[in-house]
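Working notes for the structure below.
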Amino acid sequence: MPHGLGHFLGLDVHDVSDVGPVPDRLQQGQIITVEPGVYFMPLLLQRAFSNPQQVSLLDKPAVEALVDMGGVRIEDNVLITADGHFNLTMAAGMLKEAHEIEAYMAEHNVQDM
(Lines give C-alpha, C1' and ligand atoms only; values in the text may rest on other atoms or scores of the structure.)
Protein backbone atom coordinates (compact mmCIF):
# COMPACT_ATOMS: atom_id res chain seq x y z
CA MET A 1 0.00 0.00 0.00
CA PRO A 2 1.47 3.40 -0.91
CA HIS A 3 2.05 5.73 2.00
CA GLY A 4 0.91 9.31 2.45
CA LEU A 5 2.76 12.48 1.57
CA GLY A 6 5.02 12.29 4.60
CA HIS A 7 5.49 11.35 8.23
CA PHE A 8 7.19 12.52 11.40
CA LEU A 9 10.94 12.16 11.53
CA GLY A 10 12.37 10.36 14.54
CA LEU A 11 14.16 7.27 15.78
CA ASP A 12 11.53 5.12 14.11
CA VAL A 13 11.50 6.54 10.59
CA HIS A 14 7.75 6.14 10.41
CA ASP A 15 6.87 7.66 13.78
CA VAL A 16 3.16 8.40 13.98
CA SER A 17 1.12 10.61 16.24
CA ASP A 18 -2.11 9.54 17.92
CA VAL A 19 -4.03 11.02 14.96
CA GLY A 20 -2.07 9.29 12.21
CA PRO A 21 1.13 9.86 10.27
CA VAL A 22 0.86 13.67 10.22
CA PRO A 23 -1.80 15.59 12.18
CA ASP A 24 -4.04 18.27 10.67
CA ARG A 25 -2.13 20.99 12.53
CA LEU A 26 1.63 20.95 12.87
CA GLN A 27 3.34 22.53 15.86
CA GLN A 28 6.60 24.42 16.21
CA GLY A 29 9.54 22.09 16.72
CA GLN A 30 8.04 19.11 14.88
CA ILE A 31 10.03 17.67 11.99
CA ILE A 32 8.24 15.97 9.15
CA THR A 33 9.18 14.49 5.83
CA VAL A 34 7.68 15.67 2.55
CA GLU A 35 8.23 12.87 0.08
CA PRO A 36 6.37 13.00 -3.18
CA GLY A 37 7.17 10.05 -5.38
CA VAL A 38 6.00 7.57 -7.92
CA TYR A 39 5.99 3.84 -7.28
CA PHE A 40 5.47 1.14 -9.86
CA MET A 41 3.59 -1.59 -7.98
CA PRO A 42 2.61 -4.42 -10.36
CA LEU A 43 -0.56 -5.47 -8.50
CA LEU A 44 -1.89 -1.90 -8.36
CA LEU A 45 -0.90 -1.26 -11.97
CA GLN A 46 -2.73 -4.41 -13.13
CA ARG A 47 -5.85 -3.15 -11.36
CA ALA A 48 -5.48 0.30 -12.93
CA PHE A 49 -4.93 -1.12 -16.43
CA SER A 50 -8.12 -3.16 -15.97
CA ASN A 51 -10.15 -0.19 -14.74
CA PRO A 52 -11.86 1.74 -17.57
CA GLN A 53 -11.81 4.96 -15.52
CA GLN A 54 -8.09 4.72 -14.80
CA VAL A 55 -6.53 3.12 -17.88
CA SER A 56 -7.02 6.25 -20.01
CA LEU A 57 -4.90 8.20 -17.51
CA LEU A 58 -1.89 5.90 -17.95
CA ASP A 59 0.73 5.71 -20.67
CA LYS A 60 0.97 1.92 -20.60
CA PRO A 61 4.16 1.54 -22.72
CA ALA A 62 5.96 4.16 -20.61
CA VAL A 63 4.84 2.57 -17.34
CA GLU A 64 5.83 -0.91 -18.53
CA ALA A 65 9.28 0.41 -19.52
CA LEU A 66 9.82 1.80 -16.00
CA VAL A 67 8.10 -0.80 -13.80
CA ASP A 68 11.31 -2.78 -13.09
CA MET A 69 13.00 0.22 -11.46
CA GLY A 70 10.38 0.19 -8.68
CA GLY A 71 9.97 3.94 -8.37
CA VAL A 72 11.57 7.13 -7.18
CA ARG A 73 11.03 9.46 -4.25
CA ILE A 74 12.52 12.88 -3.55
CA GLU A 75 12.40 13.52 0.21
CA ASP A 76 12.74 16.73 2.17
CA ASN A 77 12.99 16.94 5.95
CA VAL A 78 11.22 20.04 7.20
CA LEU A 79 11.31 21.70 10.63
CA ILE A 80 8.12 23.50 11.64
CA THR A 81 9.02 26.98 12.99
CA ALA A 82 7.03 29.67 14.78
CA ASP A 83 6.54 31.58 11.52
CA GLY A 84 6.52 28.78 8.95
CA HIS A 85 9.09 26.12 8.15
CA PHE A 86 12.79 25.51 7.52
CA ASN A 87 13.81 22.95 4.91
CA LEU A 88 16.65 20.98 6.53
CA THR A 89 17.38 19.06 3.32
CA MET A 90 17.93 22.20 1.27
CA ALA A 91 19.98 23.79 4.09
CA ALA A 92 22.28 20.76 3.99
CA GLY A 93 22.90 21.36 0.28
CA MET A 94 21.45 18.06 -0.88
CA LEU A 95 21.21 17.58 -4.63
CA LYS A 96 17.64 17.57 -5.90
CA GLU A 97 17.63 18.09 -9.66
CA ALA A 98 18.10 15.13 -12.00
CA HIS A 99 21.03 16.76 -13.83
CA GLU A 100 22.80 17.45 -10.49
CA ILE A 101 22.36 13.87 -9.31
CA GLU A 102 23.48 12.43 -12.66
CA ALA A 103 26.58 14.67 -12.68
CA TYR A 104 27.46 13.59 -9.13
CA MET A 105 27.03 9.92 -10.05
CA ALA A 106 29.24 10.31 -13.14
CA GLU A 107 31.92 12.22 -11.21
CA HIS A 108 32.05 9.60 -8.47
CA ASN A 109 31.68 6.59 -10.77
CA VAL A 110 28.42 5.52 -9.14
CA GLN A 111 26.65 2.84 -11.15
CA ASP A 112 22.92 3.04 -11.87
CA MET A 113 20.87 1.61 -9.06
Step by step, work out the side chain to side chain contact (heavy atoms under 4.5 Å, CB included) result for N51 and F49. CA-CA 6 Å; N51 183 320; F49 288 139; over 6 Å; no
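- In this structure a side-chain-to-backbone donor-acceptor pair under 3.5 Å is present from E100 to K96.
- For Q30 (side chain) and Q27 (main-chain N/O), a donor-acceptor pair under 3.5 Å exists by modelled atom type.
- Residue M90 is not grouped with residue F86 when hydrophobic side chains (ILVMFWY) are merged at heavy-atom distances under 4.5 angstrom, including chains of intermediate members.
- The two residues Q53 and L57 make their nearest non-hydrogen contact at O-CD1, 3.9 Å.
- For the pair A82 and Q28, the tightest heavy-atom approach, listed with the atom from each and the gap, is CB-OE1, 3.3 Å.
- Checking E107, H108, E102 one by one against Y104, the side-chain contact (heavy atoms from CB on, under 4.5 Å) holds for a single residue, H108.
- Counting heavy atoms from C-beta on, the side chains of M105 and I101 come closer than 4.5 Å.
- In this structure, OG1 in T81 is found 6.5 Å from CG in L79, a value given to the nearest 0.5 Å.
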Set out, in order, the CA-CA distance, both residues' side-chain angles and the distance that settles side chain to side chain contact (heavy atoms under 4.5 Å, CB included) for L9 and I32, then state yes or no. CA-CA 5 Å; L9 191 65; I32 61 167; over 6 Å; no
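- Side-chain atoms of T33 and V78, non-hydrogen and from C-beta on, never get closer than 4.5 Å to each other.
- Once rounded to the nearest 0.5 Å, the distance linking CD1 of I80 with CZ of R25 reads 12.5 Å.
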Apply side chain to side chain contact (heavy atoms under 4.5 Å, CB included) to residues R73 and Y39 and explain how you reach the verdict. CA-CA 8 Å; R73 177 176 73 211; Y39 300 91; 3.1 Å; yes
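- Linking Ile, Leu, Val, Met, Phe, Trp and Tyr residues whenever their side-chain heavy atoms come within less than 4.5 Å places F40 and V55 in a single cluster.
- Residues L88 and I74 are members of separate hydrophobic clusters, defined by side-chain heavy-atom contacts under 4.5 angstrom among Ile, Leu, Val, Met, Phe, Trp and Tyr.
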